[in-house]
Protein chains: 2
Amino acid sequence: MGAPPGYRPSAWVHLLHQLPRADFQLRPVPSGFAPQEQEYQQALLLVAALAGLGLGLSLIFIAVYLIRFCCCRPPEPPGAKSPPPGGGCVTWSCIAALLVGCAGIGIGFYGNSETSDGVSQLSSALLHANHTLKAIDHLVLEMVERLGEAVRTELTTLEEVLTQRTELVAAARGARRQAEAVAQQLQGLAFWRGVPLSPVQVAEDVSYVEEYRWLAYVLLLLLELLVCLFTLLGLAKQSKWLVIVMTVMGLLVLVLSWGSMGLEAATAVGLSDFCSSPDMYILNLTQEETGLGSDILNYYFLCNQEVSNPFQQRLTLSQRALANIHSQLQGLEREAVPQFPSAQKPLLSLEETLNTTEGNLHQLVALLHCRGLHKDYGTALRGLCEDALEGLLFLLLFSLLSAGALATALCSLPRAWALFPPSDDYDDTDDDDPFSPQVPPGIQALRAVAVIYLSP
Amino acid sequence: MGAPPGYRPSAWVHLLHQLPRADFQLRPVPSGFAPQEQEYQQALLLVAALAGLGLGLSLIFIAVYLIRFCCCRPPEPPGAKSPPPGGGCVTWSCIAALLVGCAGIGIGFYGNSETSDGVSQLSSALLHANHTLKAIDHLVLEMVERLGEAVRTELTTLEEVLTQRTELVAAARGARRQAEAVAQQLQGLAFWRGVPLSPVQVAEDVSYVEEYRWLAYVLLLLLELLVCLFTLLGLAKQSKWLVIVMTVMGLLVLVLSWGSMGLEAATAVGLSDFCSSPDMYILNLTQEETGLGSDILNYYFLCNQEVSNPFQQRLTLSQRALANIHSQLQGLEREAVPQFPSAQKPLLSLEETLNTTEGNLHQLVALLHCRGLHKDYGTALRGLCEDALEGLLFLLLFSLLSAGALATALCSLPRAWALFPPSDDYDDTDDDDPFSPQVPPGIQALRAVAVIYLSP
């Protein structure tokens with residue numbers, strides 16, 4: 001019966017981890033997670049720079065397309081009012097692009113919430129681990145105090161009562177020595193005392209960063225949603241100024257989309273490297289930060305049959321000592337109480353203390369066992385490497401879709417806009433129907449007649 | 001230092017739990033979760049029936065609206081081709097309704113995935129609990145076997161070797177008795193052995209039901225998405241047959257939406273009653289299913305300072321007995337080995353067994369402690385009462401939005417359809433632009449002139 005199923009790298013982690021990495025001189029970089037190494041940093045920056053390249057290319061493409069459209073228009077017959085061929089296709093493609101953008105926004109909202117879920121799983125695991133560590137400290141302190149109190153009061157009273165019989169005093173002294181030894185052993189178990197690393201602090205830092213990340217994405221998503229909806233409205237109402245404003249906003253959102261894509265891609269690649277084998281990195285980092293022995297850290301981070309419990313010996317010695325005290329006290333009760341009735345009260349009180357201490361020791365054994373803390377570690381890793389990474393990939397998909405959609409829309413919008421009738425012909429009315437002719441046939445007929453008669 | 005923060009009913013649970021409930025005779029029903037009681041079942045059925053009432057009302061409203069529209073149309077001047085006033089408004093409201101429906105579908109997808117997440121959290125908590133329970137059984141069996149083996153082989157050999165000195169044989173016999181007592185005590189700790197309830201089976205059943213629920217919702221959502229998109233397409237292309245088919249499909253989806261809303265509302269209300277105070281219900285149910293003592297179940301389900309560990313005494317006794325065996329073996333080693341060197345081998349082997357058993361006992365103490373199983377219980381509850389309930393409320397919102405959107409669309413579609421130009425005027429062309437007049441101004445002008453000249 002092995003450990004319960006813990007964290008396993010997902011297929012996405014393997015896939016991203018296998019992508020080749022290169023530094024600025026395009027020399028291959030090993031894909032092990034090493035954020036402190038300059039080459040690795042360069043590899044991640046290069047991944048982010050790919051998005052910058054994409055932004056540049058798409059801006060050049062849009063510019064070239066629009067310049068070609070503006071300057072190389074086929075000559076129109078003067079006075080012809082009919083839209084150039086393919087005008088409907090341009091508007092349709094613009095609408096389709098905006099709808100794809102809206103679908104991408106839905107995906108983005110989902111990805112953002114998924115990432116947030118994963119990170120909050122990580123924080124709550126850290127908080128739970130902190131609770132366990134603090135509980136260990138607290139319990140050890142309580143037990144040591146309780147034993148010290150028993151040694152100072154009950155055992156001293158007992159020795160004073162039994163002072164006439166030296167062999168009984170020796171037994172009481174033996175119990176005192178054992179109790180002091182137990183207190184000594186127990187103090188070694190509070191391994192987190194004085195450690196400078198606080199999981200609460202880490203959890204708070206992570207939550208703080210995540211809060212702003214979440215908010216930034218929500219704002220970006222809402223901005224893009226507004227741009228999409230208002231552009232659709234502008235197309236529906238054939239409102240030139242709305243379409244122009246939205247074209248400019250669309251350009252801004254395009255830049256933001258590519259920027260976020262670069263960040264997401266670099267983070268996803270880095271995260272996949274971390275997630276493909278997190279144990280060694282986390283182990284070394286925690287060792288540096290806490291100064292704890294590698295036996296303790298191995299025990300908690302690996303928690304399998306091969307790693308023995310580093311507290312085993314202390315716990316066993318404490319338990320044996322407590323059992324010895326128990327049998328000594330029982331011996332004293334048999335021998336001393338008939339002769340010294342006043343010894344009964346401290347003896348009963350000592351036995352109660354002993355029982356409580358044994359109960360607390362069981363709780364301590366449970367808290368110290370790697371199962372609980374390792375489960376928190378697994379939860380934290382699953383939150384980060386499954387939910388958060390998955391959410392990040394959804395955000396990447398959102399950025400891709402929105403970059404594509406916005407580029408298409410930016411190419412189409414000026415062409416669709418050029419198809420709008422001149423603004424003195426059509427006013428922006430409120431209840432016009434996008435799917436039927438905008439003007440009642442009577443007026444249209446008059447307008448058409450005017451056009452026919454006035455055109456040379 | 002209390003227990004780590006466990007499950008707490010959310011605001012939604014409180015809100016839903018406070019709604020009044022009534023049975024079929026409209027007598028108030030207490031809102032405690034009691035699915036086996038007829039009155040409570042009636043209360044939930046009544047909640048579901050409210051959705052049926054909503055469906056009936058909305059169908060009546062649509063029918064009345066459409067009959068009024070068909071039969072009480074204001075008399076049109078014969079031959080007038082202009083659409084009735086407010087036609088643009090009708091199409092716009094239809095499009096707005098369909099867009100609201102699409103937004104609802106997005107919410108539905110999110111809710112469905114959230115519910116699925118919650119239920120999978122529940123299953124994985126059940127599987128983890130099962131792992132712990134099986135590990136306890138397995139560990140107890142292993143320890144008992146190891147001790148039995150030691151008693152049968154090493155202790156027998158030891159007694160045979162030491163047969164010349166009766167006081168040493170007596171010490172070995174004492175160790176044997178203690179080891180047998182420990183094995184006896186340990187067997188009482190495998191509390192889940194022979195229990196007919198299997199958490200794996202429960203988890204599998206839950207996952208099975210959830211899989212079909214998830215699939216059904218995905219199909220419903222996709223169906224509604226298709227209806228919305230094809231209706232929009234039908235409106236854009238002014239295709240009568242598409243709009244008619246989609247009206248019929250819309251009616252079907254309306255019925256399905258109200259039906260799913262009834263199910264969701266009843267489930268959400270029932271779940272909120274369960275989640276407002278799950279402990280007692282789960283405790284009673286588990287007691288019935290497993291036949292375990294209430295001390296054990298209280299310990300695991302409540303896991304606070306007030307409930308004492310029901311295994312405490314057995315564990316303490318086992319540990320004391322192991323400590324005694326240890327000191328007896330040490331005594332034997334001191335006394336016997338100088339005289340009987342052949343006693344050294346079984347003694348060393350016994351001490352090794354003893355050390356392993358003490359290590360295993362620590363693991364057993366950790367497994368038996370309520371912390372681990374109670375955490376699984378909290379995770380399962382959080383999955384069900386936070387994520388799954390939240391997802392259910394999102395699904396309820398989806399159903400509400402889609403019912404409203406479809407009812408509006410069903411009212412508007414026949415009116416919008418009546419506004420379409422006769423099909424002999426407009427063919428369904430592929431590249432028409434919904435946002436610009438469909439027919440080139442030239443043809444429109446001719447048509448208008450024809451209308452002006454032909455009308456009396």
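Below, read A as the first sequence line, B as the second, and so on, with proteins coming before strands; counting in each chain starts at 1.
- Using a 4.5 Å cut-off between heavy atoms, A:His326 touches chain B through its side chain atoms alone.
- Neither the backbone nor the side chain of A:Glu142 comes within contact range of chain B; no heavy atom of the residue lies under 4.5 Å from a heavy atom of that chain.
- For the atom pair NE2 of B:His362 and CG of A:Leu361, the computed distance is 6.5 Å after rounding to the nearest 0.5 Å.
- Rounded to the nearest 0.5 Å, atoms CG (A:Asp117) and CD (B:Glu114) are 6.0 Å apart.
- Contact of the B:Gln363 side chain with the A:His369 side chain is registered, since non-hydrogen atoms from C-beta on lie closer than 4.5 Å.
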CA sep, side-chain torsions, deciding dist, call: A:Thr132, B:Arg371, side chain to side chain donor-acceptor pair (under 3.5 Å): CA-CA 10 Å; A:Thr132 307; B:Arg371 222 179 139 79; 2.6 Å; yes
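- Side-chain atoms of B:Arg320 and A:Gln319, non-hydrogen and from C-beta on, never get closer than 4.5 Å to each other.
- For the set B:Leu364, B:Asn324, B:Leu315, the count of heavy-atom pairs under 4.5 angstrom toward chain A peaks at B:Leu315.
- Side-chain contact between B:Lys375 and A:Asp376: present, with at least one pair of heavy atoms (C-beta onward) separated by less than 4.5 Å.
- With respect to chain B, the highest number of heavy-atom pairs below 4.5 Å among A:Gly372, A:Gly106, A:Ser113, A:Cys102 belongs to A:Ser113.
- Annotation: B:Gln313, atom CD; neighbour count of heavy atoms from other residues, nucleotides and ligands within 6.0 Å does not exceed 12.
- Other residues, nucleotides and ligands contribute only 12 or fewer heavy atoms inside 6.0 Å of the CD atom of A:Glu352.
- Chosen from B:Ser308, B:Ala321, B:Ala323, the residue pairing most often with chain A at heavy-atom distances under 4.5 Å is B:Ala323.
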